[in-house]
There are 2 protein chains.
Amino acid sequence: MTNDRHLLLLGLLRAQEMHGYQLNEFIDQQMDFCVDLKRSTAYYLLDKLCRDGYVAEEVEREGNRPERRVYRITPAGEVHFQDLLRQNLATYVPPVYAEDIGVIFEHQMAADESLRLLNARREAIQSYRARLEVLHVNLPPSHTAVIEHHLLHVDAEIVWVDRLIAARLKRSPTTPALHE
Amino acid sequence: MTNDRHLLLLGLLRAQEMHGYQLNEFIDQQMDFCVDLKRSTAYYLLDKLCRDGYVAEEVEREGNRPERRVYRITPAGEVHFQDLLRQNLATYVPPVYAEDIGVIFEHQMAADESLRLLNARREAIQSYRARLEVLHVNLPPSHTAVIEHHLLHVDAEIVWVDRLIAARLKRSPTTPALHE
DNA sequence: GGGGATATACTCAGTTCTGATTAATCAACG
DNA sequence: CGTTGATTAATCAGAACTGAGTATATCCCC
């Protein structure tokens, strides 16, 4: 849901009032690995939150610079934050996995090519896992729970792609080994 | 990416030409558990695929019924399908997990409430897992790979929520057991 | 001291997605 | 044989999202 983005922005503004640019910088630098929020989308959401009365904006003019707005959470926003947080913590919305669509049609491909592609995927997953490991040791402890979450899922993903590769090899054992 | 939705539609139309309604019925009945595609979105995507030349539509008029269009894949669409399938199989785009946002702010809550909510989540995950198990034995073998994919991830999710609960209990061991 | 890169700060037109609605057909019940 | 509820089939206004663009200030090197 887009609710989680509202939760994110309200949570950040709750800790500290900010203008849009600052907020975007923060998200890009600290939360890049777990949220996907374009800068223009953030501005859109801030405006929406504003229209809904959950944040208030104050325009700052200085010389003839482009104007900047400071956003701060309102009492209604505070309540909404609590609601969204409770909702987020208490529910589980299973994600949609893009990879599912591919495997549905995978059998329509030549075994060789299919295996080559799946091996490439395996490497892509591994290299993403490596990046997570780096984050795991570098990021502050406040992020470890999230990183560990991603590690659990990425490991599940490796198990799965290995199963797919094994299954494909079993069905049509042509040119078995492509890597090492 | 929205590319995966294009892949899905092209893949289905490749197997059999259809009109929009038929396609929507099929997706709702057979693929509900792994794709999230609103009917109106499907019509939008079909139109887009059409404008891009990947599918051709043929309008069927009959009496004064609302008109229906039959969609079939074009040669360009066939090529595009191959490209999208290769791309899908060879890459890994880590999903964004909604739950991450919640845990970032979870520590700002009373321990009691946090534990209550996380336990509710645990149950939600378990009940989703149960539904997957039912699908696992009921759906045709063509779907088993996908179901197993979801089972792997849902199990990862249970491990994670248990860790969160344990960590919260360790930090503030108030009213330890909420369920049984 | 001029000019090219970088940082600050947002806007906007265009694309994508969705909930609500429309509209005809059909089955079936009293 | 009228009306009501499901089925077939798709539209559309509006919400959500994004890439490309605008505009000023500031830093720094030659």
Side-chain angles (χ1 to χ4, degrees), chain A residues 1-10 12-13 16-29 32 35-55 57-72 84 93 95-96 98 101, chain B residues 1-10 12-13 16-29 32 35-55 57-72 84 93 95-96 98 101:
Chain A
M1 196 95 76
T2 183
N3 272 354
D4 303 302
R5 288 153 158 224
H6 290 190
L7 174 59
L8 174 65
L9 296 194
L10 288 175
L12 294 179
L13 291 178
Q16 191 192 151
E17 68 181 44
M18 291 193 235
H19 43 270
Y21 188 80
Q22 235 176 307
L23 197 140
N24 272 310
E25 283 291 290
F26 184 81
I27 291 171
D28 281 4
Q29 281 158 27
D32 183 39
V35 305
D36 176 30
L37 185 60
K38 302 286 177 285
R39 281 171 178 242
S40 45
T41 308
Y43 284 111
Y44 165 72
L45 291 174
L46 284 171
D47 185 55
K48 170 80 168 114
L49 249 17
C50 215
R51 270 156 25 225
D52 291 347
Y54 299 133
V55 306
E57 65 181 2
E58 192 183 343
V59 180
E60 277 179 6
R61 284 218 133 281
E62 219 184 320
N64 59 349
R65 282 189 179 196
E67 66 182 24
R68 55 149 77 161
R69 299 187 221 9
V70 178
Y71 295 95
R72 63 175 59 87
L84 292 177
V93 182
V96 171
I101 313 240
Chain B
M1 199 93 78
T2 184
N3 273 354
D4 303 301
R5 285 143 106 110
H6 290 188
L7 173 60
L8 173 65
L9 296 193
L10 287 175
L12 294 179
L13 292 177
Q16 192 192 150
E17 68 180 44
M18 292 193 235
H19 45 269
Y21 188 80
Q22 233 176 307
L23 198 138
N24 272 311
E25 283 290 290
F26 183 81
I27 291 172
D28 282 4
Q29 281 158 26
D32 183 40
V35 306
D36 176 30
L37 185 60
K38 304 285 178 285
R39 279 169 182 243
S40 46
T41 308
Y43 284 111
Y44 164 72
L45 290 174
L46 284 170
D47 184 56
K48 169 79 168 115
L49 249 17
C50 214
R51 270 154 28 223
D52 292 347
Y54 299 135
V55 307
E57 64 181 2
E58 192 182 342
V59 180
E60 277 179 5
R61 284 218 132 279
E62 221 184 318
N64 59 348
R65 280 191 182 193
E67 66 183 22
R68 54 147 78 160
R69 298 186 222 10
V70 177
Y71 294 95
R72 63 175 60 85
L84 292 177
V93 181
V96 170
I101 313 238

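Only a predicted model underlies this, so the values are computations on that prediction, with no experimental measurement involved.
Between A:Thr41 and D:dT18 there is a side-chain N or O to OP1 or OP2 distance below 4.0 Å. For the OP1/OP2 pair of C:dC17 and a distance below 4.0 Å, the side-chain nitrogens and oxygens of B:Ser40 include no atom meeting the criterion.
Nearest to the side-chain atoms of A:Tyr21 among the listed nucleotides C:dA7, C:dT18, D:dA10 stands C:dA7. In the set C:dT18, C:dC10, D:dC17, C:dT18 carries the atom at the smallest distance from any side-chain atom of B:Lys38. Distances from the side chain of B:Arg51 to the nucleotides C:dT16, C:dC17, D:dA10 place C:dT16 closest. Closest approach to the B:Lys48 side chain among D:dA16, D:dT11, C:dT16 is made by C:dT16 (side chain taken as heavy atoms from C-beta onward). Listed nucleotides: C:dC17, D:dT18, D:dC12. Nearest to the side chain of A:Tyr44: D:dT18.
Looking at B:Glu25 and B:Arg39, a side-chain N of the basic residue comes within less than 4.0 Å of a carboxylate O on the acidic one, giving a salt bridge. A:Glu57 and A:Arg72 are not joined by a salt bridge, as no carboxylate oxygen comes within less than 4.0 angstrom of a charged side-chain nitrogen.
One finds the CZ atom of B:Arg5 at 12.5 Å from the CG atom of B:Leu7 (value rounded to the nearest 0.5 Å).
Residue-level contact check: B:Arg39 touches neither bases nor backbone, having no heavy atom under 4.0 Å from any strand.
Looking at A:Asn24, its side chain does come within 3.5 Å of a backbone N or O of A:Gly20 through a donor-acceptor pair.
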